[in-house]
K.L.:
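Please find one structure pasted underneath; my questions will follow.
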Amino acid sequence: MKMKRFLSLALAAVLSLSTASVAFAEDKVLDASEDWKNLKTGEYTVSQAHTISEKVTVGKDQEVTIDFADKDVTFAGDGMLVVEGTLTLKGTEGGLTRSDAATSTAPRLIDVKASGKLVIDGGEYHHNTDNGITVYNQGYLIVNNGEITANYKQAIHTENAKNETARCDINGGTIQGGYWGVGIFGDGDGNNDNSVLNINGGNINTKNDGQGVCTNASGGKYAGFTINITGGKINAECGMYLPGPGVTNISGNAVINGYLQGIRIAAGELNISGGVIKSAGEANHEDSFIAGGSGGTNGVIAVGKAGDGYPGDIKINITGGELENSVGGDAIVVSDANLGKDAYKDLKTEINVTHTDVIGNISVLTPSTPNDNNNGENISTMIGWGTTVDGEVKVDSKAASTALKGDAKIEKLTVAEDNKGYTTVEESVVVEATITGDNITMVPPTEEPNRPEDRTDRSGGDYFGNEKWAKVKREIAAAEEGDTIEMSATGLPWFPSS
């Protein structure tokens with residue numbers, strides 16, 4: 001009797017648990033807009049396509065996972081997904097879409113607040129209107145997979161709220177903006193740690209001719225950001241647009257391809273230690289940079305101020321990687337336009353290149369139209385140790401200074417006759433030099449630099465090249481305007497006696 005009662009109670013318990021389990025599963029299905037109103041911590045599955053016309057919020061204390069599978073949810077009217085807590089989105093071909101015009105109360109598809117964290121592990125997220133951002137992030141956004149697109153504005157935009165921090169990590173997936181792929185803005189305080197973008201993988205591009213990754217100048221209103229790129233691919237008319245003060249670091253196996261401009265920089269610090277940066281833009285020195293956006297002078301790295309509203313020095317340190325202009329144009333182009341204006345006259349533009357393969361020209365120029373605001377006296381370019389330039393180093397700016405140092409190998413050096421800056425050629429190998437300007441200094445090596453073991457043979461001949469440099473300097477002193485001096489020294493600063 002007792003055994004029968006025990007079995008009866010056990011069966012009842014099993015039935016009770018089974019019933020509870022079925023009820024729990026039903027509660028976690030999202031098949032209509034009503035189901036989104038009271039999201040709780042847990043995992044949800046979208047069971048069928050539907051439309052939502054009001055705001056949906058994941059609260060601060062909630063941890064929610066939504067799997068769209070292959071089902072689409074459409075936001076319309078005031079519909080928008082707001083993330084104040086933690087949300088993970090998954091899916092195969094399903095996801096979120098907005099196809100009607102954004103409203104003042106719903107300008108984005110997904111809005112991540114400062115307290116929020118959004119992880120996108122899959123699915124598709126589309127803002128198909130002309131006036132909205134797909135994912136607006138003021139908290140922490142992680143993209144591991146999936147597809148995020150916008151028809152006109154940014155697919156992803158990160159901007160920290162005042163005195164808050166915002167971060168975006170892109171590890172994979174496909175991101176396609178309209179005219180801007182991924183945006184990163186600071187709050188104007190100049191703290192570069194408060195707004196951070198990390199790109200470790202994935203593909204970023206634009207639907208229209210635009211900018212793959214962009215910041216904003218606006219007189220310093222959005223200053224203060226850090227961009228770290230270690231992998232992934234960026235493809236756009238302008239790969240990266242960096243007009244405002246901040247720090248950008250590029251390394252690893254990153255690929256940045258700008259059809260006309262690989263990187264356009266007007267302020268801030270750019271550090272490149274690896275990766276490949278490309279452009280197919282032909283040299284067009286007659287075209288000035290465009291104020292308020294990218295465009296104008298083409299180049300793999302295009303440097304200079306386009307007009308008013310670009311505060312801050314420009315500092316570029318390139319210590320590795322490859323710069324490639326595939327059509328023989330400029331790998332680096334620096335303009336002295338506008339630098340004579342009161343707002344800029346004390347600002348510096350500094351470019352240092354070492355241990356880098358440069359395919360294309362390096363040009364420091366004054367725009368073809370004379371202008372009292374052109375001033376290159378605070379522009380300095382150093383091309384040094386371990387760098388090979390498969391192209392011409394051309395200094396046209398009337399006051400810019402250029403230095404070739406170490407064992408850099410330069411195919412051709414041209415310094416304009418009216419250049420009043422200082423050009424110093426220390427130990428570099430220059431295959432051909434056309435030098436007609438003033439203030440040219442040719443410096444032979446004065447001390448032994450560090451070399452690998454197989455380059456330490458000091459036996460015989462003009463080891464440090466002093467005699468050959470003396471000959472070159474005599475030729476320069478005797479040269480008339482327009483003369484070309486051959487400087488095909490074999491292996492400067494080491495000159496084998498043979």
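We use all heavy atoms of the structure for the numbers below, so side chains are in, but hydrogens, waters and symmetry mates are not. Numbers here are sequence positions counted from 1. Here the structure is a predicted model, which is why all the values come from computation and not from measurement.
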K.L.:
Can you name the closest pair of heavy atoms from Ser294 and Gln261 and give their distance?
P.N.:
CB-OE1, 3.5 Å
K.L.:
Between the side chains of Thr230 and Asn200, does any donor sit under 3.5 Å from an acceptor?
P.N.:
yes
K.L.:
Do we see a donor-acceptor contact under 3.5 Å between the side chains of Asp330 and His285?
P.N.:
yes
K.L.:
Treating Thr356 as the side-chain partner and Thr354 as the backbone partner, does any N or O pair qualify as donor plus acceptor under 3.5 Å?
P.N.:
yes
K.L.:
Would you name the heavy atoms of Ala236 and Gly210 that are closest together and state the gap between them?
P.N.:
CB-O, 3.6 Å
K.L.:
Would you check if the side chain of Thr158 reaches a backbone N or O of Cys168 as a donor-acceptor pair within less than 3.5 Å?
P.N.:
no
K.L.:
Hey, is the main chain of Asn192 close enough, under 3.5 Å, to the side chain of Thr226 for a donor-acceptor pair?
P.N.:
yes
K.L.:
If you apply the rule side-chain contact (heavy atoms from CB on, under 4.5 Å), what do you find for Leu89 with Val119, and how did you get there?
P.N.:
CA-CA 6 Å; Leu89 299 178; Val119 180; over 6 Å; no
K.L.:
For Asn208 and Thr206, test the side chains for any donor-to-acceptor distance below 3.5 angstrom and give the result as yes or no.
P.N.:
no
K.L.:
Okay, side chain of Asn298, backbone of Glu282: is any donor-acceptor separation there less than 3.5 Å?
P.N.:
yes
K.L.:
Do Asn203 and Thr174 get their side chains close enough for a donor-acceptor pair, meaning under 3.5 Å?
P.N.:
no
K.L.:
Any donor-acceptor pair under 3.5 Å linking the side chain of Tyr344 with the backbone of Gly307?
P.N.:
yes
K.L.:
Taking Asn284 for the side chain and Gly296 for the main chain, is one N or O donor matched with an acceptor at less than 3.5 Å?
P.N.:
yes
K.L.:
Do Ile383 and Val389 have side chains that get closer than 4.5 Å, going by heavy atoms?
P.N.:
yes
K.L.:
Taking all non-hydrogen atoms of both residues, which atom of Thr149 and which atom of Thr134 are closest, and how far apart?
P.N.:
O-OG1, 2.6 Å
K.L.:
Scan side-chain atoms only and decide if Thr97 and His126 contain a donor-acceptor pair under the 3.5 Å cut-off.
P.N.:
no
K.L.:
How long is the span from the SG atom in Cys214 to the CZ atom in Arg264, to the nearest 0.5 Å?
P.N.:
14.0 Å
K.L.:
Name all residues meeting the salt bridge (charged side-chain N to carboxylate O under 4.0 Å, His left out) criterion together with Asp189; count only those two or more places apart in sequence or in a different chain, and write none if there are none.
P.N.:
Lys162
K.L.:
Answer yes if the side chains of Lys233 and Asn257 hold a donor-acceptor pair under 3.5 Å, and no otherwise.
P.N.:
no
K.L.:
Side-chain contact, heavy-atom cut-off 4.5 Å: Asn198 with Ile227?
P.N.:
no
K.L.:
Check the side chains of Thr414 and Glu392 for a donor-acceptor pair under 3.5 angstrom, ignoring hydrogens and angles.
P.N.:
yes
K.L.:
Are side-chain N/O atoms of Thr388 and Asp357 paired as donor and acceptor at under 3.5 Å?
P.N.:
no
K.L.:
Between the side chain of Ser279 and the main-chain N/O of Leu260, is any donor-acceptor distance below 3.5 Å?
P.N.:
yes
K.L.:
Using 0.5 Å steps for rounding, measure from the OG1 atom of Thr424 to the NZ atom of Lys405.
P.N.:
7.5 Å
K.L.:
Is there a donor-acceptor pair under 3.5 Å between the side chain of Lys305 and the backbone N or O of Tyr310?
P.N.:
yes
K.L.:
Is the charged tip of Arg108 near the ring of Tyr136: under 6.0 Å from the six-membered ring centre and within 45° of its axis?
P.N.:
yes
K.L.:
Donor-acceptor check, side chain of Glu93 to backbone of Lys71, threshold 3.5 angstrom: yes or no?
P.N.:
no
K.L.:
Above 12 or not: heavy atoms from other molecules or residues under 6.0 Å from CD of Glu63?
P.N.:
no
K.L.:
Please round to the nearest 0.5 Å and tell me the distance separating atom CD1 of Ile66 and atom NZ of Lys28.
P.N.:
10.5 Å
K.L.:
For Lys345, check salt bridge (charged side-chain N to carboxylate O under 4.0 Å, His left out) against everything at least two apart and list the hits.
P.N.:
Asp342
K.L.:
Just verifying a value: how many Å separate Asn235 CG and Asn205 CG, rounded to the nearest 0.5 Å?
P.N.:
6.5 Å
K.L.:
Got a second to check how far Asn249's CG is from Asn271's CG, nearest 0.5 Å?
P.N.:
5.0 Å
K.L.:
Establish, from distance only, whether the side-chain atoms of Asn361 and Asn325 form a donor-acceptor pair under 3.5 Å.
P.N.:
no
K.L.:
Please determine, by modelled atom types, if Asp287 and Thr297 share a side-chain donor-acceptor pair under 3.5 angstrom.
P.N.:
no
K.L.:
Let's go through Val56 and Val82 carefully: what are the C-alpha distance in whole Å and the side-chain angles of both, what is the deciding distance for side-chain contact (heavy atoms from CB on, under 4.5 Å) to 0.1 Å, and is it a yes or a no?
P.N.:
CA-CA 6 Å; Val56 174; Val82 178; over 6 Å; no
K.L.:
Could you tell me whether the side chains of Asp121 and Asn144 share a donor-acceptor contact shorter than 3.5 Å?
P.N.:
yes
K.L.:
Taking all non-hydrogen atoms of both residues into account, name the closest pair between Gly312 and Ala267 and its distance.
P.N.:
O-CB, 4.2 Å
K.L.:
Do the non-hydrogen side-chain atoms of Val364 and Ile379 ever get within less than 4.5 Å of each other?
P.N.:
yes
K.L.:
Please collect all ring-ring contact (aromatic ring centres under 6.0 Å, His included) contacts where either partner lies in residues 213-245, sequence neighbours excluded, each pair once.
P.N.:
Phe185-Tyr222
K.L.:
Should the pair Asp407-Lys409 be classified as a salt bridge under the 4.0 Å nitrogen-to-oxygen rule?
P.N.:
no
K.L.:
Do Tyr140 and Asp169 pass the side-chain hydrogen bond (donor to acceptor under 3.5 Å, both in side chains) test, and can you show the C-alpha distance, the side-chain angles, and the key distance before you say yes or no?
P.N.:
CA-CA 8 Å; Tyr140 187 15; Asp169 295 350; 2.9 Å; yes
K.L.:
Can you measure from OG (Ser251) to CD1 (Ile229) and round to the nearest 0.5 angstrom?
P.N.:
9.0 Å
K.L.:
Given Thr86 and Val64, is the side-chain contact (heavy atoms from CB on, under 4.5 Å) satisfied, shown in steps?
P.N.:
CA-CA 6 Å; Thr86 300; Val64 176; over 6 Å; no
K.L.:
For Gly59, is there any backbone N or O sitting under 3.5 Å from a side-chain donor or acceptor partner on Thr57?
P.N.:
no
K.L.:
Within a strict 4.5 Å, meaning less than it, do heavy atoms of the Val300 and Val333 side chains meet?
P.N.:
no
